[in-house]
There are 2 protein chains.
Amino acid sequence: MSAITVVLVDDHLVVRSGLKALLGTQPDIEVVAEASSGEEALTAVEGHAPDVVVMDLAMGPGMDGIEAIRKLRERNRKQAVLVFTTYDSDADIVRAVDAGAMGYLLKDAAPEEIFAAVRGAVQGKSVMSPPVASRLFQQLRNPDEVLTPREAELLSLLTEGLSNRELGQRLFISEATVKTHLAHIYAKLGVETRAAAIATAIRREGMR
Amino acid sequence: MSAITVVLVDDHLVVRSGLKALLGTQPDIEVVAEASSGEEALTAVEGHAPDVVVMDLAMGPGMDGIEAIRKLRERNRKQAVLVFTTYDSDADIVRAVDAGAMGYLLKDAAPEEIFAAVRGAVQGKSVMSPPVASRLFQQLRNPDEVLTPREAELLSLLTEGLSNRELGQRLFISEATVKTHLAHIYAKLGVETRAAAIATAIRREGMR
DNA sequence: GGCGGTATCAGCCAAAAGGCTGAGAGACCA
DNA sequence: TGGTCTCTCAGCCTTTTGGCTGATACCGCC
C-alpha cells in the first residue's frame, strides 16, 4: 500500500514547517504540497488529489478555512479535511463540521494524536481533540443554549459595537425586536449585559 | 566562532518543531533547548545559558510570555529575548518592549527575517517585523492615542464585561472616576460606547 | 388541527451608561 | 515655581439598556 498523501494549509510558514517535520517521521504519511491561503489550497488539492487536507481556519485576509472546506466539497473530490487550529470555539467547530470537516485538532495536540487523525481520516473515521469533543457533547446535552440563526446573526453584529437602534436598522426590524432577541441571547450565553455578551461571543464563540 | 545558542519557548509543539527545522538549516545557529511554558523557560535558560531566547507570548494557563521575559531579566542574565507571536497588538508590543524584549516577530515572518533577528539580537540589534514597527511608529506620532497604565488596566477589566460599579469595586475607585477613565478611553480608541470599546480592545489591542 | 419553535412588535418602568463641566492632589519636569 | 500629566471625585441631565408582560404570525410536525 502506498503512503497517505497530505496537503498542508496554514498561513504560517513555521507551522507548515513543523507539521511537515512531524508527519515526515511517519513512513506511511507523505506531505505532497503546501498552501498558505484558501485560494492556494484549492489549486494545490486540484493538482495533487491528496488523501487528506490539514487545514488551519484563521488565514489572514481572503478566503478563510471554513470557506475553503466548503469549496473543496463543492468540487466533490474524495479527500478528507482535517481542521488544525489554535482555538476551540463553539461557532468554529459547528461551522467546520457543517462545512464537511472530518476531524478537528488543536495546535497543542500531541504528535500521536495528529498521526492518528490523519490515518483515521482516510478510513472515514472522525477524530477530534478531547476539548473539542467535549464541547460538541456539551452542545448536544444543552440544546437550549444553542442560538437560533437570527440570534447568531444579531450577536455577530453586536460584537461590532452597534447600538440597539443600529442593530434594528441593519436587520430591518424594530428596536423592540432587537431587545427581545438580546434578552434570549443573554439567557443562552449566561450573561446579563451586552458588554459581557460581546466578551463571551468574541472569546468563546470565536466571533472575531 | 561557535554557533549562536537558542532556546525555544512556545506551547505548541508544531511551532517549536517548525522553528527548530528552520533554524536548523543555518550552520551558525543551534537550538539547545525547548520549553512549552513560562516556568519551563526559566529553568531551560538557567540550565543552558543561551545567547537568544525565542518566546511566544500566549502560552495557555500559568505564566505568560511577558511575565517570563520580566523574570528572565530579573535574574539578570545576558541573553536576548525575541518575541515570536501571532498577533501584533499595541498592548502586547508595548508591554513586551517594556519587559525587555530585544525584538518582535510575527509568526508569518519569512525565514530570512527570523534568521536576521536571531543574529541581530546577539549583537544588541533590535529587529521587528514591519507591521510591528509601523505600529510603534504610529504610537510615537500619535501619543494622544496611547492609553495610560490606569486606562489600560481599566480597559482590560472592561473586556470581561464588568459594569461601572464592578469596575470601581475592583479598582478601589468611585464610579465617577470609572466614568472619567472610560470617557478618555473612548476618545483614544475612537469609539462612543463601551460595546465598541470592548470590540476594539479585544480585536485590535489583543486583550483576550 | 393543535403544538412548539421562531420571529416579529408594544408599552412600561428601573437601572445603567454617557456627555458635560468643574475641580483637587500628587508626580514629574523644565 | 509653574506647567503638564495622571488619577481622583461630584453633580446634572439625556440616552440607552435591560426586565417584564403580553401579543400576533408563520412554519413544520405529529
Side-chain angles (χ1 to χ4, degrees), chain A residues 90-91 94 98 139-202 205, chain B residues 90-91 94-95 98 139-202 205 207:
Chain A
D90 289 347
V94 173
D98 190 56
Q139 291 211 332
L140 288 179
R141 276 196 321 176
N142 299 346
D144 287 355
E145 293 175 11
V146 178
L147 299 178
T148 68
R150 193 57 158 172
E151 285 162 359
E153 193 180 2
L154 206 144
L155 180 58
S156 165
L157 289 176
L158 191 66
T159 63
E160 291 177 16
L162 303 188
S163 69
N164 290 349
R165 185 188 312 272
E166 291 170 319
L167 290 172
Q169 288 169 348
R170 198 75 86 81
L171 298 175
F172 304 105
I173 57 181
S174 79
E175 216 176 311
T177 306
V178 170
K179 291 172 84 171
T180 303
H181 284 311
L182 283 181
H184 294 158
I185 291 173
Y186 295 165
K188 289 181 179 180
L189 293 186
V191 300
E192 289 176 350
T193 66
R194 82 169 38 210
I198 293 171
T200 302
I202 296 183
E205 304 296 327
Chain B
D90 290 347
V94 172
R95 287 169 64 222
D98 191 57
Q139 292 211 332
L140 287 179
R141 279 195 318 176
N142 299 348
D144 288 356
E145 293 175 11
V146 177
L147 298 179
T148 68
R150 193 58 158 172
E151 285 162 0
E153 193 179 0
L154 207 144
L155 180 57
S156 164
L157 288 176
L158 192 66
T159 63
E160 291 177 15
L162 303 187
S163 68
N164 289 351
R165 184 189 311 274
E166 292 169 319
L167 289 172
Q169 288 169 349
R170 198 74 89 80
L171 297 174
F172 304 106
I173 58 180
S174 80
E175 217 176 312
T177 305
V178 170
K179 291 172 90 171
T180 303
H181 284 311
L182 284 181
H184 293 158
I185 292 173
Y186 295 166
K188 289 181 179 179
L189 293 186
V191 301
E192 289 176 348
T193 66
R194 80 169 38 209
I198 294 173
T200 303
I202 297 183
E205 305 294 326
M207 285 187 174

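First the proteins, then the strands, lettered A, B, ... as listed; each starts at 1.
- Distance OH (A:Y186) to C1' (D:dG19): 12 Å, rounded to an integer number of Å.
- At whole-Å resolution of the value, CG in B:L154 and C1' in D:dT6 are 14 Å apart.
- Rounding to whole angstrom units, CD of residue A:E192 and C1' of C:dA15 are separated by 12 Å.
- As rounded to whole Å, 12 Å separates atom P of D:dT8 from atom CZ of B:F172.
- For B:T193, the listed nucleotide lying nearest its side chain is C:dG18; candidates were C:dC9, C:dG18, C:dA7.
- At D:dT15, none of the side-chain N or O atoms of A:R165 fall inside 4.0 Å of OP1 or OP2 (strictly under the cut-off).
- Using a 4.0 Å heavy-atom distance criterion, A:E175 is classed as making no nucleic acid contact.
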field: Full working for side chain to side chain contact (heavy atoms under 4.5 Å, CB included) between A:R170 and A:V178
entry: CA-CA 11 Å; A:R170 198 75 86 81; A:V178 170; over 6 Å; no

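- Counted by atom type alone, B:T177 and B:S174 present one or more donor-acceptor pairs between their side chains at under 3.5 Å.
- Looking at the side chain of B:S174, the nearest of the listed nucleotides C:dA10, D:dA10, C:dG18 is D:dA10.
- Each of D:dT17, D:dA10, C:dA17 was ranked by its minimum atom distance to the side chain of B:N164; first place goes to C:dA17.
- Atom pair A:H181:NE2 and D:dG19:P shows a separation of 16 Å (rounding to whole Å applied).
- Residue B:T177 is in base contact, counting any heavy-atom pair closer than 4.0 Å across all strands shown.
- Counting to the nearest Å, the P atom of C:dA10 and the CD1 atom of A:I173 are 11 Å from each other.
- Nearest to the side chain of B:T148, among C:dG19, C:dT8, D:dT6, sits D:dT6.
- Proximity of B:R150 to the phosphate of D:dC7: no side-chain N or O atom is located under 4.0 Å from OP1 or OP2.
- At a cut-off of 3.5 angstrom, the base of C:dC9 holds at least one donor-acceptor pair with the side chain of A:T180.
- Rounded to whole angstrom, the span from the CD atom of A:E153 across to the C1' atom of C:dT8 amounts to 14 Å.
- We find that CG of A:L158 is positioned 8 Å from P of D:dG18, with the value rounded to whole Å.
- Mapped onto DNA chain C by nearest heavy atom, A:H184 and A:K179 fall at different nucleotides, with A:H184 at the one closer to the 5' end.
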